[in-house]
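Working notes, structure below.
As the structure lists them, so they are numbered: ligands from 1, and atoms in each ligand from 1.
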Amino acid sequence: MEKIPFNKPYLTGKETQYIQDAVNCGKISGNGKYTQMCHRFFEEHYGFGKCLLTTSCTDALEMAALLLDIQPGDEVILPSYTFVSTANAFILRGAKLVFADSRPDHPGIEESQLKALINSRTKAIIVVHYAGVACDMEKVMALANEFGLYVVEDAAQAIDSFYTFSSGKKAALGSIGHLAAFSFHETKNIISGEGGMLVVNDPRFVQRAEIIWEKGTNRAAFFRGEVDKYGWIDVGSSFLPSEIVAAFLFAQLEHLTCIQEKRKKIWIQYFEGLRSVEGEGIRLPSIPHYATNNAHMFYMVAQSGLQRQKIIEALGAKGFHAVFHYLSLHRSPYYAPKHDGRNLPNTDFYTDCLIRLPLFYELDAISIDRMIPIIRASAQMGLAAF
Ligand SMILES: *Cc1c(COP(=O)(O)O)cnc(C)c1O
């Protein structure tokens with residue numbers, strides 16, 4: 001039986017050629033030719049502020065927490081339905097996490113609940129564009145401006161996705177918050193094995209971002225000839241990836257349009273094919289009018305944990321690897337004792353009921369056609385058992 005994995009990294013074919021070129025150039029440490037080509041690509045295509053490649057999105061989020069100068073006692077508002085790195089970056093600086101619930105119609109943060117969570121110790125709001133679908137950034141930015149807070153976009157899943165303001169202005173996700181973090185982990189749309197990027201949209205942070213990136217030194221300015229010696233001038237760490245990683249990433253960026261087209265085709269085939277399953281208590285993803293779909297993920301929401309289990313098992317029995325996703329961070333072994341006790345029912349609901357289906361460049365239409373009736377039959381079984 002042919003096994004269909006949940007994810008399979010896609011190679012464009014140029015990756016090893018560009019890595020060979022980087023090696024031949026004699027500079028394989030960070031911030032060389034390929035790193036700068038990647039930075040330029042993002043700045044030109046998406047209207048991002050200063051871009052800095054990192055070794056992961058986790059690193060980019062940790063840089064964000066350093067840049068915002070998060071101190072013990074500061075409060076940070078973030079969704080509970082997210083990856084641990086969104087939270088860890090701020091925990092490492094001693095912040096208190098204030099978890100917000102997800103929306104009823106989407107796993108993204110419930111914007112209407114944010115105001116009630118803000119107090120004099122609140123420093124930042126971290127939004128996660130789940131499945132590459134935008135949070136309502138106009139609302140979030142208005143609130144941040146009103147209370148003098150910073151906004152960090154965890155745009156790990158959000159490459160090539162957009163938000164439309166009520167004025168009609170369209171902006172790339174990652175270009176709206178003061179800071180944003182992307183991931184190029186092999187499970188994302190555009191990959192470099194491990195990899196990430198910090199986007200600095202607020203010019204006040206640009207100079208310091210580059211220093212933190214280069215171990216707290218002004219090395220980058222030195223190599224541009226702006227200072228005649230470099231030294232230790234701030235805190236920092238080694239956040240920049242080698243040229244080998246950047247060369248791999250650049251090969252992927254050259255194929256971004258065709259990767260995105262293919263992923264969207266797959267997503268639409270799932271969506272059209274699964275319309276008939278909505279009657280079995282399965283919810284398909286909804287894209288708000290202000291958001292676009294970058295086909296990072298195809299997820300469905302079952303009516304119960306049991307129904308989800310039936311679907312995952314039925315697909316698994318036929319060789320299709322479907323998976324659930326995040327476990328509520330406010331109920332995690334590490335954070336539950338520190339959580340303020342508020343119930344976050346939508347977060348718990350997605351924890352129990354959300355299913356992700358295989359989605360990768362080489363997934364063929366026939367496999368998708370085979371999954372649809374399996375999902376329909378097992379959803380009915382799950383309903384009956386419920
Ligand atoms: C993938 C992901 C991360 C972590 O990315 P890494 O590059 O693996 O560090 C963080 N946040 C979200 C929402 C993610 O999906």
Side-chain angles (χ1 to χ4, degrees), residues 6-7 9 30 35 38 42 51-66 76-92 97 99-100 102-103 106-109 124-135 137 140 151-161 173-174 176-177 179-199 213 237-242 245-246 248-249 252-253 263 285 291 293-299 323-330 332 334-335 347 350-351 354 356 359-360:
F6 172 68
N7 180 58
T35 299
C38 290
F42 285 111
C51 292
L52 293 170
L53 291 191
T54 55
T55 50
S56 64
C57 178
T58 302
D59 264 359
L61 289 163
E62 286 176 21
M63 282 185 74
L66 282 168
V76 170
I77 300 171
L78 74 168
S80 174
Y81 196 73
T82 184
F83 190 59
V84 287
S85 294
T86 323
N88 256 330
F90 297 91
I91 281 290
L92 281 169
L97 305 181
F99 285 115
S102 293
R103 291 165 57 113
H106 188 272
I109 201 164
I125 301 172
I126 322 302
V127 295
V128 178
H129 302 301
Y130 186 80
V133 173
C135 298
M137 291 308 288
V140 174
V151 173
V152 179
E153 296 177 71
D154 181 337
Q157 306 172 8
I159 193 164
D160 200 46
S161 204
L173 300 187
I176 304 167
L179 302 169
F182 284 89
S183 174
F184 307 117
H185 184 265
E186 73 169 16
T187 51
K188 309 300 200 248
N189 294 28
I190 298 294
I191 62 174
S192 59
E194 302 279 352
M197 180 171 71
L198 178 75
V199 177
W213 190 56
S237 191
S238 183
F239 288 115
L240 71 173
S242 82
V245 170
F248 191 113
L249 182 64
Q252 294 263 317
L253 291 176
R263 293 185 73 102
N293 173 28
N294 72 345
H296 169 62
M297 177 197 303
F298 192 90
Y299 72 86
V323 295
F324 53 84
H325 208 186
Y326 302 130
L327 306 179
S328 306
L329 292 182
H330 71 287
S332 61
Y334 177 69
Y335 210 78
T347 305
Y350 293 116
T351 293
L354 187 142
R356 295 178 294 158
L359 203 173
F360 49 91

* Asked: Are the side chain of Thr347 and the backbone N or O of Tyr81 linked by a donor-acceptor pair below 3.5 Å?
  -> no

* Asked: Of all the atoms in ligand 1, which lie at a distance below 4.0 Å from a heavy atom belonging to Gly195?
  -> 7 (O)

* Asked: Is the backbone N or O of Phe360 less than 3.5 Å from a side-chain atom of Arg263, with the two atoms forming a donor-acceptor pair by type?
  -> no

* Structure fact -> At under 4.0 Å between heavy atoms, what of Thr58 touches ligand 1? The answer is both

* Atoms in ligand 1 with a heavy atom of Ala156 nearer than 4.0 Å -> 2 (C), 3 (C), 10 (C), 11 (N), 12 (C), 13 (C), 14 (C), 15 (O)

* Does Glu186 offer a backbone N or O that forms a donor-acceptor pair with the side chain of Asn7 under 3.5 Å? -> yes

* **Shortest protein heavy-atom distance from atom 3 (C) of ligand 1, along with the residue and atom involved** => Phe83 CD2, 3.6 Å

* To do: Measure the distance from atom 15 (O) of ligand 1 to every protein heavy atom, then report the residue, atom name and distance (to 0.1 Å) of the closest one.
  => Gln157 NE2, 2.8 Å

* In terms of side-chain heavy atoms, does Thr351 have a donor or acceptor partner in Ser328 at a distance below 3.5 Å? -> yes

* Asked: Under a 4.0 Å heavy-atom limit, does Tyr81 contact ligand 1 with its side chain, its backbone, both, or neither?
  -> neither

* Closest to atom 8 (O) of ligand 1 (judged by heavy-atom distance), picking from His325, Met297, His185, Glu186 -> His185

* Ser183 to ligand 1: N or O pair under 3.5 Å? -> yes

* Taking the non-hydrogen atoms of Lys188, is any one of them nearer than 4.0 angstrom to ligand 1? -> yes

* At their closest point, which heavy atom of Gln157 faces which heavy atom of Tyr130, and how far apart are they? -> OE1-C, 3.6 Å

* To do: May I ask you to list the atoms of ligand 1 that are less than 4.0 angstrom from any heavy atom of Val128?
  => 13 (C)

* Asked: Above 12 or not: heavy atoms from other molecules or residues under 6.0 Å from CZ of Phe324?
  -> no

* Would you check if there is a donor-acceptor pair between the side chains of His185 and Thr187 at a distance under 3.5 Å? => yes

* Any donor-acceptor pair under 3.5 Å linking the side chain of Asn189 with the backbone of Asn294? -> yes

* Residue pair Phe99, Tyr335: steps toward the side chain to side chain contact (heavy atoms under 4.5 Å, CB included) verdict -> CA-CA 10 Å; Phe99 285 115; Tyr335 210 78; 3.3 Å; yes

* Structure fact -> Under 4.0 Å from one or more heavy atoms of Ser56, ligand 1 contributes atoms 7 (O), 9 (O)

* Around atom 11 (N) of ligand 1, find the nearest protein heavy atom and jot down its residue, atom name and distance. => Asp154 OD2, 2.8 Å

* Structure fact -> Near Cys57 (heavy-atom distance under 4.0 Å), the atoms of ligand 1 are 4 (C), 5 (O), 6 (P), 7 (O), 9 (O), 10 (C)

